[in-house]
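Report on the structure given below.
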Amino acid sequence: DLDILTNNKKEDENRLQTIKQKQFAVLSKNINIEMNAINKFIYGTNSNAPVIDFSENSYSFFTPDDTGTGIAYKGLIVFDLTVLKLTRLPVIVHDSIILKQISDVAIEKILELYENSGKQIFIALDKQNSYTEKAVKTLESNVVLCLAPNGNELFGRSWG
């Protein structure tokens, strides 16, 4: 009986490992398909989409054949938008540090995705008038809070 139980335990562990690997593969596939679609919408077909791969104790996240700083930020935004779309997550937040590294044309497309997400998006942008006319119009039509110097600081004073 002990041999049977030991064998059953080993078989169960092997089945569990196989199920985990299949689930990691399904999760990676679904995320990668959506990241590819979002990346294609933002950048067209000439830009590689980020790729995520899960394993038992780790993951890898990279953009094939591109390691630039802006690419890392682009990958983060594409991943965040993917998670926003594929899950019940109700909100994302992107800071100007991330968005500054991305081209103006791409910002325009990202703003379009934000606007059409049906979810709450918080962004912080510096120098919003330096973006495309369409991007500025999108920002202006969706702004809830706009902070600026000379009396428009949060709580009425500069913290700098």
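Quantities reported herein were computed from a predicted structural model and do not represent experimental measurements. Side-chain atoms are counted along with the backbone in the values below, which use heavy atoms only and exclude waters and symmetry mates.
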- Between Asn32 (side chain) and Ser28 (backbone), is there a donor-acceptor pair under 3.5 Å? yes
- Note on the structure: Between the OG atom in Ser158 and the CG atom in Asn152, the distance rounded to the nearest 0.5 Å is 12.0 Å
- Compare every heavy atom of Leu154 with every heavy atom of Leu147, then report the nearest pair and how far apart it is. CD2-N, 3.8 Å
- Taking a hydrophobic cluster as the set of Ile, Leu, Val, Met, Phe, Trp and Tyr residues connected by side-chain heavy atoms closer than 4.5 Å, whether directly or through intermediates, do Val83 and Leu81 fall within one such cluster? yes
- Query: Would you call the rings of Phe61 and Phe79 parallel, tilted or perpendicular, where under 30° means parallel and over 60° means perpendicular?
  - Reply: perpendicular
- Query: With side chains defined as the heavy atoms from C-beta onward, is the minimum distance between Glu108 and Thr138 less than 4.5 Å?
  - Reply: no
- Task: Any chance you could measure Ile77, atom CD1, to Ile42, atom CD1, to the nearest 0.5 Å?
- Result: 7.5 Å
- Message: Under a 3.5 Å cutoff, is there a donor and acceptor pairing between the side chains of Asn30 and Glu34?
- Response: no
- Can you find a pair of side-chain heavy atoms, one from Ile123 and one from Val93, that are under 4.5 Å apart? no
- Query: Distance-only, no hydrogens or angles: does the Asn116 side chain make a donor-acceptor pair with backbone N or O of Glu112 under 3.5 Å?
  - Reply: yes
- Task: Indicate, with yes or no, if Ile33 and Ile38 share a hydrophobic cluster defined by side-chain heavy-atom contacts under 4.5 Å among Ile, Leu, Val, Met, Phe, Trp and Tyr.
- Result: no
- Task: Measure the CG-CG distance between Leu76 and Leu99 for me, rounded to the nearest 0.5 Å.
- Result: 9.5 Å
- Message: Testing the basics here: between Thr87 and Lys119, what is the closest heavy-atom pair and its distance to 0.1 Å?
- Response: O-NZ, 2.7 Å
- Query: So do the side chains of Asn8 and Glu11 get within less than 4.5 Å of each other, counting heavy atoms only?
  - Reply: yes
- Query: Measuring from Ile121:CD1 to Asp80:CG, what's the distance to the nearest 0.5 Å?
  - Reply: 9.0 Å
- Considering all heavy atoms, the nearest Leu89-Leu84 contact: O-CD1, 3.4 Å
- Task: First locate atom OG1 of Thr6, then atom CG of Asp1, and finally report the distance between them rounded to the nearest 0.5 Å.
- Result: 10.5 Å
- Query: Which pair of non-hydrogen atoms, one from Ala49 and one from Pro64, has the smallest distance, and what is that distance?
  - Reply: O-CD, 3.3 Å
- Task: Find out if a path of hydrophobic residues (ILVMFWY) with successive side-chain heavy-atom gaps under 4.5 Å connects Phe62 to Ile31.
- Result: no
- Task: Please check if the distance between the ring centroids of His94 and Phe122 is under 6.0 Å.
- Result: no
- Task: Verify side chain to side chain contact (heavy atoms under 4.5 Å, CB included) between Tyr73 and Ile71, making sure each step is shown before the conclusion.
- Result: CA-CA 5 Å; Tyr73 290 115; Ile71 294 301; over 6 Å; no
- Message: Main chain of Gly151, side chain of Glu153: is a donor-acceptor contact present, judged purely on distance under 3.5 Å?
- Response: yes
- Query: Just checking, any donor-acceptor pair under 3.5 angstrom between side chains of Ser47 and Lys74?
  - Reply: yes
- Is a donor on one side and an acceptor on the other found under 3.5 Å between the side chain of Ser117 and the backbone of Tyr114? yes
- Message: For Lys20 and Leu16: C-alpha separation, side-chain torsions, deciding distance, then whether side chain to side chain contact (heavy atoms under 4.5 Å, CB included) applies.
- Response: CA-CA 6 Å; Lys20 282 182 181 181; Leu16 178 60; 4.1 Å; yes
- Query: Hey, any chance Val105 and Ile98 share a hydrophobic cluster, counting ILVMFWY side chains that come within less than 4.5 Å of each other, even indirectly?
  - Reply: no
- Work out which heavy atom in Asn48 is nearest to a heavy atom in Thr63; give both atom names and the distance. O-CG2, 3.4 Å
- Message: With a 3.5 Å distance limit and no angle check, can you tell me whether Asn39 reaches the backbone of Met35 through a side-chain donor-acceptor pair?
- Response: no
- Glu115/Leu111 under side chain to side chain contact (heavy atoms under 4.5 Å, CB included): CA gap, chis, key distance, verdict: CA-CA 6 Å; Glu115 189 173 36; Leu111 291 173; over 6 Å; no
- Message: Using a 6.0 Å cut-off, check whether atom CD of Glu133 has over 12 heavy atoms from anything other than its own residue.
- Response: no
- Between Gln21 and Glu56, a side-chain donor and acceptor under 3.5 Å: no
- Task: Could you walk me through whether Asn36 and Phe41 pass side chain to side chain contact (heavy atoms under 4.5 Å, CB included), step by step?
- Result: CA-CA 9 Å; Asn36 191 49; Phe41 176 80; over 6 Å; no
- Between CD1 of Ile19 and CD of Gln17, what distance do you get to the nearest 0.5 Å? 10.5 Å
- Query: Would a hydrophobic clustering, with Ile, Leu, Val, Met, Phe, Trp and Tyr connected at side-chain separations under 4.5 Å, put Tyr59 with Val26?
  - Reply: no
- Query: What closest approach, in Å, do Pro50 and Gly75 show between heavy atoms, and which atom pair accounts for it?
  - Reply: CG-CA, 3.8 Å
